[in-house]
Every structure is written in structure tokens, then in C-alpha cells.
Amino acid sequence: MDGLKRQAAARALDEVRDGMKLGLGTGSTAKHFVDLLGEKVRGGLKVVGVPTSEATRAQAQACGIALTTLDEIDHLDLTVDGADEVDAALNLIKGGGGALLREKIVAAASDRMIVIADDSKWVDALGRFPLPIEVIPFGLAATRAAIAKAFAEAGVAGQLVLRTAKDGHVFVTDGGHWIVDAHLGRIEDAPRLAGLLSVIPGVVEHGLFIGLAGTVVLAAAQGIRVVERR
Ligand code: 5RP
């Protein structure tokens, strides 16, 4: 699986040009991309990156990639990131690694987003992977109730589980928020659910990425498949 992830990352690297401003994703697949990009940079490629997490920032710095922020610049040419699920419309579930908020800000500020993944991430319908929803700790019970109401309106149901870290404590995002993971099984209308979740005051962001990915590079044992959004 790790070999497939690296192949997808290598294919996305073909799209990188000298002088580009790049969004750098988070997770085990994006890690390969940053690693390979670092090799190119050490070979003379000139790019500047905006990392989507503190983990990616540390990796990119160690690789010698020049970094900037979306405070200093207001748009990016290309973001390359992984995903937890991808459907045929190239809608995504992201946030398994907890970086969904910065990932979405960075993707939305980019002219183009390429998703890199092994082909196990390709699904008929989103939702088998628990949907991460980043929330403000204040008023959590009220926010959970509002999320449950949104689920009912969108015709989905399932458990909402507060994410914990390996040490058993509540998982805290880079932005200082918490995540509830929604075990929905199948989301028939992801754009509708995304809209309903987005207007809940205690929800900072959710892991449904609708209309952001333009290209998906899927690596399978049989080879690489590149899917463009229609
Ligand atoms: C992190 C993410 C990741 O892109 C997603 O979880 C996929 O990770 P991996 O490449 O390790 O499977 O959204 O918040």
C-alpha cells in the first residue's frame, strides 16, 4: 500500500512547475509527495509551499522546502493532498488525520487540487469512512444536537464519536478545536449534508470536500488511473 501511495505522489509531482506556489497536504500519502518534492528542490526546483498541518510544516522544513503562509500570499497554484474517500464526482471525505480545516482553507485558495491515493479510497458513495466534523469545545452538547438534526434532514443517521488521541485524551486539532467522527455508513447526497453542517454555529468545518478536487491520481497494483472532474 505504501508503494502505491508513493506512485500516486510521484505522478502528481509531474504537474509541478518551477515557480509554483504549492499547498502541501497531510497524511501518509501526502508525506510521500513532500518527500519527493524535497528531492526535486534539492536538485534545484524553485517552489514555495504552504503546509496544511504542523506535522507537514516540520517535514517540509526538514526537506529544505521554502515555506510561506496564506497570511503572506492569498492564493496558490496547486495543492496536492490525500483523502480518506473519493467518489465519482470527485467529492471527498478528508480529516482522518485531523487536518481538515487547514486542508480545506488551502485547497479553496488553490487554482487546482490534485488528490493522491491508493485505489482503496475510491468509493461508490461517501460515508463508510467516519465523517470528521471539527467543533468548538464550547457548547458541545448543543452542537451535537444540531448536527443530529442536520443528519435527519439529510436522510442519514449514525453515531457521533468524540475523537481521542492515542494517550486517551481528547484529540485537539492544530487550530485548538475538537473533532467528532460521524459513523454514517452511506451519504446519498453529500453536497446537501455539507451545506447543512456548514451553517451550524459550533461546527468549525467538516470533512466533506465538495467541488474542490479537480484531479484524482489513483494508484492500483494494475497501474495509475488519473480521473478529472467533469
Ligand atoms: C488528513 C487527511 C488525509 O489526507 C487523509 O486522512 C488521508 O490520509 P492517508 O494518506 O494517510 O491515507 O485528510 O486530515
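Each ligand, and each atom within it, is numbered from 1 in the order the structure gives. All of these numbers come straight from a predicted model, not from anything done at the bench.
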Does any N or O atom in Gly27 lie less than 3.5 angstrom from one in ligand 1, N or O only?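 For ligand 1, there is no N or O atom that lies under 3.5 Å from one belonging to Gly27.
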Checking the N or O distance criterion of under 3.5 Å, is ligand 1 in contact with Ala30?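 Min N/O separation from ligand 1 is not below 3.5 Å for Ala30.
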So, does Glu134 use its side chain to make a donor-acceptor pair with the main chain of His206 at under 3.5 Å?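 Looks like no, no N/O pair under 3.5 Å.
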Tell me which protein heavy atom sits closest to atom 11 (O) of ligand 1, plus the residue, atom name and distance to 0.1 Å.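 Going atom by atom, the protein heavy atom closest to atom 11 (O) of ligand 1 ends up being Ser28 OG, 2.5 Å.
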Nearest neighbour in protein (non-hydrogen) for atom 6 (O) of ligand 1: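 Atom 6 (O) of ligand 1 sits closest to the protein heavy atom Asp84 OD1, 2.6 Å.
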Cationic N near anionic O, under 4.0 Å, [X] to [Y]:
| X | Y | value |
| --- | --- | --- |
| Glu54 | Arg57 | yes |
| Asp119 | Arg225 | no |
| Arg186 | Glu188 | yes |
| Lys104 | Glu205 | yes |
| Asp77 | Arg17 | no |

Can you measure from NE2 (His177) to CD1 (Ile136) and round to the nearest 0.5 angstrom?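 One finds 4.0 Å between NE2 of His177 and CD1 of Ile136.
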Touching ligand 1 at all, Lys121? Heavy atoms, strictly under 4.0 Å?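 Lys121 counts as a contact of ligand 1 under the 4.0 Å cut-off.
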Assess Gly25 for proximity to ligand 1: is some non-hydrogen atom of it under 4.0 Å away?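 Per 4.0 Å heavy-atom rule, Gly25 does not contact ligand 1.
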What atoms of ligand 1 come closer than 4.0 angstrom to any heavy atom of [X]?
| X | answer |
| --- | --- |
| Asp81 | 4 (O) |
| Thr26 | 1 (C), 2 (C), 3 (C), 4 (O) |
| Thr29 | 9 (P), 10 (O) |
| Glu103 | 1 (C), 2 (C), 4 (O), 13 (O), 14 (O) |
| Gly82 | 4 (O) |
| Gly95 | 2 (C), 13 (O), 14 (O) |
| Gly98 | 14 (O) |
| Lys94 | 2 (C), 3 (C), 4 (O), 13 (O) |

Assess the side chains of Arg112 and Thr215: does a donor N or O sit below 3.5 Å from an acceptor N or O?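 Note: Arg112 and Thr215 side chains meet the donor-acceptor criterion.
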Polar contact flag, side-chain donor to acceptor under 3.5 angstrom, Lys21-Thr68: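 Side chains of Lys21 and Thr68: no pair found under 3.5 Å.
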At a non-hydrogen distance cut-off of under 4.0 Å, which region of Ser53 contacts ligand 1 (side chain, backbone, both, or neither)?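 For Ser53, there is no contact with ligand 1 at all, from either part.
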Out of curiosity, does Trp178 fall in the hydrophobic cluster containing Val203 (side-chain heavy atoms, cut-off under 4.5 Å, transitive links)?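 Same cluster.
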